[in-house]
Amino acid sequence: MKILVKKGKFADFKTEALVLPHFEGETKLHGIAGELDRLCGGGIREMVKSGDFEGRLYQTAVVYIPGTGSARRIILVGLGKKKEFNREKLRGAFAKAAQRARDLKVKAIAVSVEAGEAGAALDVAEGVVTEAIVEGVTLGVYQFTPFKTLERENIRELRELTIVADREPALKAIRTAARNAEIIARAVYFARDIVSTPANELTPTMLARKAGEVFRKRNVRLKVLDVKQMQALGMNALLGVARGSDEPARFIIMEYQGAGKADKPVVLVGKGLTFDSGGICIKPPDKMDQMKSDMSGGAAVIGAMMAVSDLGLPVNVVGLVPATENLPGGRAYKPGDIFKSLSGRTIEVLNTDAEGRIILADALAYAGRYKPAAIVDVATLTGACVVALGEHVIGMMGTDEKLINLVRTAADTTGERAWELPLWEEYHELVKSDVADFKNAAGRGGGAITAAAFLSKFAGDYPWVHLDIAGPAWLEKDLPYIPKGASGVGVRLLVQFLRDWKMTP
Ligand code: BES
Ligand code: MN
Ligand code: ZN
């Protein structure tokens with residue numbers, strides 16, 4: 001989608017639809033709302049007065065403007081009650097307005113950052129409102145269509161969003177914010193696309209090749225380790241999981257330098273299972289197709305690296321994505337197998353479906369080579385996390401209070417909400433093995449936490465946070481600005497975290 005910023009009066013802007021947000025219970029139409037009302041001959045006032053449009057959250061209504069001198073129509077969208085309003089609802093409301101426009105086959109809409117006084121209600125600057133609007137609109141109309149060949153002419157697409165404002169310095173702030181939001185939205189689209197792509201079209205090799213395309217023109221150094229190189233390093237945990245598949249594993253390394261050479265980097269690690277069948281401990285066929293999304297953590301990391309370089313953030317960041325399939329082939333790893341991981345520690349396999357933590361063990365150990373200021377891993381790691389927190393929440397665990405708080409703040413800012421689970425001493429007991437150092441599965445109780453306890457053994461003494469995105473990575477139902485399917489969760493959170501990042505001496 002094209003995103004434009006233009007100088008002018010909103011009511012004078014000629015396009016297919018102007019979006020006007022409106023708070024529930026508000027009867028007066030001030031400022032821009034009043035101007036738009038005059039434009040359509042009092043039509044908005046009548047809509048509101050009659051009760052046909054109350055401004056309930058995400059409610060929409062369309063009012064037409066007679067004549068040809070101005071915009072064709074106004075799409076009203078409810079913001080709900082002012083007291084209950086927040087940034088997340090602002091994103092959702094503009095997503096709903098954009099979806100309504102798309103339903104009407106509208107190709108171009110315009111918005112005003114001041115209209116409806118949403119920014120004033122939140123007490124935030126124009127830039128913040130702009131980012132929320134651009135994110136809401138772009139993310140809300142995402143669709144994944146490359147594999148549809150029938151009736152493609154019926155695919156409706158919103159093509160253009162214009163933000164109209166009439167004065168400096170607001171315009172300057174709006175331009176910057178629109179550009180930033182576009183960069184971030186593009187990264188989320190990329191993540192959603194590769195998560196939606198089926199496993200036959202996205203093997204570890206193809207994932208690495210995609211990363212190659214993405215970073216060829218970006219200020220990011222890409223290295224892809226093949227099986228031989230991983231053998232030489234001793235990444236036996238990752239290679240062990242990969243043995244059940246004919247597709248070779250890959251280890252994707254992305255290095256971005258936005259600060260001084262001596263500055264310790266933040267390392268992001270993303271689980272990259274391009275397909276998880278469960279291996280020898282095979283999963284039931286029901287919903288197994290969803291396991292093409294088991295590389296959502298990896299997608300979030302690649303997407304975040306894209307955005308970080310496009311934003312030119314002043315921080316050093318490394319992205320690591322261990323990528324493999326988990327299949328039950330003739331050479332597949334088996335319960336009882338023991339691997340000597342890159343860290344030197346040994347791992348006893350009790351369940352081949354707990355493969356994510358095994359490949360992450362090697363990736364976390366590799367992260368230690370950078371002597372990082374922080375490590376954040378993102379993974380669709382456990383069904384237990386979905387049982388504990390549901391579909392909408394990221395499970396968060398870690399070893400460093402300050403880092404946890406930074407991640408929590410980014411989660412709250414972006415609406416990609418995270419909830420901390422305890423990582424107490426008792427859980428660490430549960431991952432000790434009788435015959436090796438650690439075991440990869442520890443019974444049903446606290447499954448999300450024992451997985452994190454296992455990971456913690458490989459993160460060294462570096463400040464580390466683990467994000468379990470098994471719930472929100474793939475949605476069964478639409479959310480206001482996340483259509484069902486691949487959500488791209490993690491991209492926005494990681495980027496916000498890095499925007500907020502201050503090197504701690
Ligand atoms: N990729 C799955 C976790 C998952 C489940 C993600 C559902 C998204 C939706 C992971 O590899 C897995 O299978 N975990 C097992 C671990 C268990 C065997 C200890 C699980 O959660 O059942
Ligand atoms: Mn699994
Ligand atoms: Zn998995």
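In this structure, the separation between NZ on Lys6 and OG1 on Thr15 is 8.5 Å, given to the nearest 0.5 Å. Here Leu364 contributes atom CG and His466 contributes atom NE2; the two are 9.5 Å apart, rounded to the nearest 0.5 Å. Atoms CG and CE, on Asp37 and Met47 in that order, are 11.5 Å from each other to the nearest 0.5 Å. Leu467 CG to Ile394 CD1: the interatomic distance, rounded to the nearest 0.5 Å, is 6.0 Å. Taking OG1 from Thr145 and CD1 from Ile155, the interatomic distance works out to 4.5 Å, rounded to the nearest 0.5 Å. Here Leu76 contributes atom CG and Arg100 contributes atom CZ; the two are 9.5 Å apart, rounded to the nearest 0.5 Å.
No side-chain heavy atom of Glu160 sits under 4.5 Å from any side-chain heavy atom of Ile109. Side-chain contact between Ser487 and Trp474: absent, with no pair of heavy atoms (C-beta onward) separated by less than 4.5 Å. Side-chain contact between Asp400 and Ile404 is absent, with no heavy-atom pair separated by less than 4.5 Å. Side-chain contact between Trp501 and Leu313 is absent, with no heavy-atom pair separated by less than 4.5 Å. Using a 4.5 Å cut-off on side-chain heavy atoms (C-beta onward), Leu207 and Arg250 make no contact. Counting heavy atoms from C-beta outward, Asp52 and Glu46 have side chains that stay 4.5 Å or more apart. You'll find the side chain of Phe215 reaches within 4.5 Å of the side chain of Ile302, heavy atoms only. For the pair Met288/Ile282, a side-chain contact is recorded, criterion being any heavy-atom separation below 4.5 Å from C-beta on.
Taking a cutoff of 4.0 Å between a charged side-chain nitrogen and a carboxylate oxygen, Glu26 and Lys82 qualify as a salt bridge. Under 4.0 Å is where a charged nitrogen must lie from a carboxylate oxygen, and between Glu420 and Arg408 at least one such pair does. A salt bridge links Glu476 with Lys287; the closest basic N to acidic carboxylate O contact falls under 4.0 Å. A salt bridge links Glu355 with Lys271: the closest approach of a Lys/Arg side-chain nitrogen to an acidic carboxylate oxygen falls below 4.0 angstrom. A salt bridge links Glu416 to Arg492: at least one charged side-chain nitrogen sits closer than 4.0 Å to a carboxylate oxygen. Ion pairing of Asp353 with Lys283 is present here, as a side-chain N (NZ or NE/NH1/NH2) and a carboxylate O approach within less than 4.0 Å.
The nearest pair of heavy atoms linking Ile375 to Leu403 is O-CD2, 3.9 Å. For the residue pair Ile174 and Ala165, the shortest heavy atom distance occurs at CD1-CB, 3.7 Å. Minimum interatomic distance between Ala33 and Ile44 (heavy atoms only, all atoms of both residues): O-CD1, 4.4 Å. In terms of heavy-atom proximity, Thr149 sits nearest to Arg152 at O-CG, 3.8 Å. Looking at every heavy atom in both residues, Thr324 comes nearest to Pro204 through CA-CG, 3.5 Å. When all heavy atoms of Ala211 and Ile252 are compared, the pair lying nearest together is CB-CG2, 4.2 Å.
Annotation: Arg417, atom CZ; neighbour count of heavy atoms from other residues, nucleotides and ligands within 6.0 Å does not exceed 12. In this structure, Glu151 places its CD atom where only 12 or fewer heavy-atom neighbours from other residues, nucleotides or ligands lie under 6.0 Å away. Counting heavy-atom neighbours within 6.0 Å of Asp123 CG, excluding the residue itself, gives a total of 12 or less. Open room surrounds CZ on Arg45; 12 or fewer heavy atoms of other groups in view lie less than 6.0 Å from it. The environment of Arg72 atom CZ is sparse: at most 12 non-hydrogen atoms of other residues, nucleotides or ligands sit within 6.0 angstrom. The neighbour count for Asp286 CG, taken as heavy atoms of other residues, nucleotides or ligands under 6.0 Å away, does not exceed 12.
Under a 3.5 Å cut-off, the side chain of Lys292 and the backbone N or O of Ser196 do form a donor-acceptor pair. In this structure, the side chain of Arg192 does not engage the main chain of Pro483 through any donor-acceptor pair within 3.5 Å. The backbone N or O of Leu273 sits nowhere less than 3.5 Å from a side-chain atom of Asp294 that would complete a donor-acceptor pair. Formation of a donor-acceptor pair under 3.5 Å by the Ser296 side chain with backbone atoms of Ala473 is not found in this model. Side-chain N or O atoms of Gln59 include one that pairs as donor or acceptor with a backbone N or O of Arg56 at under 3.5 Å. Proximity of a side-chain donor or acceptor of Tyr189 to a complementary backbone N or O of Thr138 within less than 3.5 Å is detected. Between the side chain of Asn440 and the backbone N or O of Ala354 there is at least one donor-acceptor pair closer than 3.5 Å. Listed for the Lys89 side chain is a donor-acceptor partner under 3.5 Å among the backbone atoms of Glu84. Between the side chain of Gln496 and the backbone N or O of Thr414, no donor-acceptor pair lies under 3.5 Å. Looking only at distances, no side-chain donor or acceptor of Thr380 sits under 3.5 Å from a matching main-chain atom of Ile469.
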Practice item. Apply salt bridge (charged side-chain N to carboxylate O under 4.0 Å, His left out) to Glu153 and Lys148, showing your working. Key: CA-CA 11 Å; Glu153 63 281 5; Lys148 293 267 186 203; over 6 Å; no
Exercise for review: Go through the steps for Met396 and Val407 under the test side-chain contact (heavy atoms from CB on, under 4.5 Å), then give the verdict.
Suggested key: CA-CA 9 Å; Met396 172 168 65; Val407 173; 3.8 Å; yes
Exercise for review: May I have the step-by-step check of salt bridge (charged side-chain N to carboxylate O under 4.0 Å, His left out) for Arg91 and Glu88, ending in yes or no?
Suggested key: CA-CA 5 Å; Arg91 293 185 191 104; Glu88 188 68 354; 2.5 Å; yes
Exercise for review: Run the numbers on Leu79 and His22 for side-chain contact (heavy atoms from CB on, under 4.5 Å), then give the verdict.
Suggested key: CA-CA 6 Å; Leu79 298 179; His22 186 87; 5.9 Å; no
Point to revise | Intermediate values then yes/no, side-chain contact (heavy atoms from CB on, under 4.5 Å), Phe454 and Thr450 | key: CA-CA 6 Å; Phe454 177 93; Thr450 49; over 6 Å; no
Check your understanding: Val5 and Thr162: side-chain contact (heavy atoms from CB on, under 4.5 Å), yes or no, with the steps?
Key -> CA-CA 6 Å; Val5 178; Thr162 307; over 6 Å; no
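Phe251 is linked by a ring pair (Phe, Tyr, Trp, His ring centres under 6.0 Å) to Tyr366, counting only residues two or more places apart in sequence or in another chain.
The aromatic rings of Phe144 and Phe147 sit tilted, their planes meeting at an angle between 30° and 60°.
At a cut-off of 3.5 Å, with distance as the only test, no side-chain donor of Gln99 or Asp103 sits close to an acceptor on the other residue. With no hydrogens or angles considered, no side-chain donor-acceptor pair links Asn326 and Ser277 at under 3.5 Å. A donor atom on one side chain and an acceptor atom on the other are found under 3.5 Å apart for Asp468 and Thr382.
Remark: of the listed residues Val317, Asp377, Leu320, Val376, Leu320 is the sole one forming a side chain to side chain contact (heavy atoms under 4.5 Å, CB included) with Val267.
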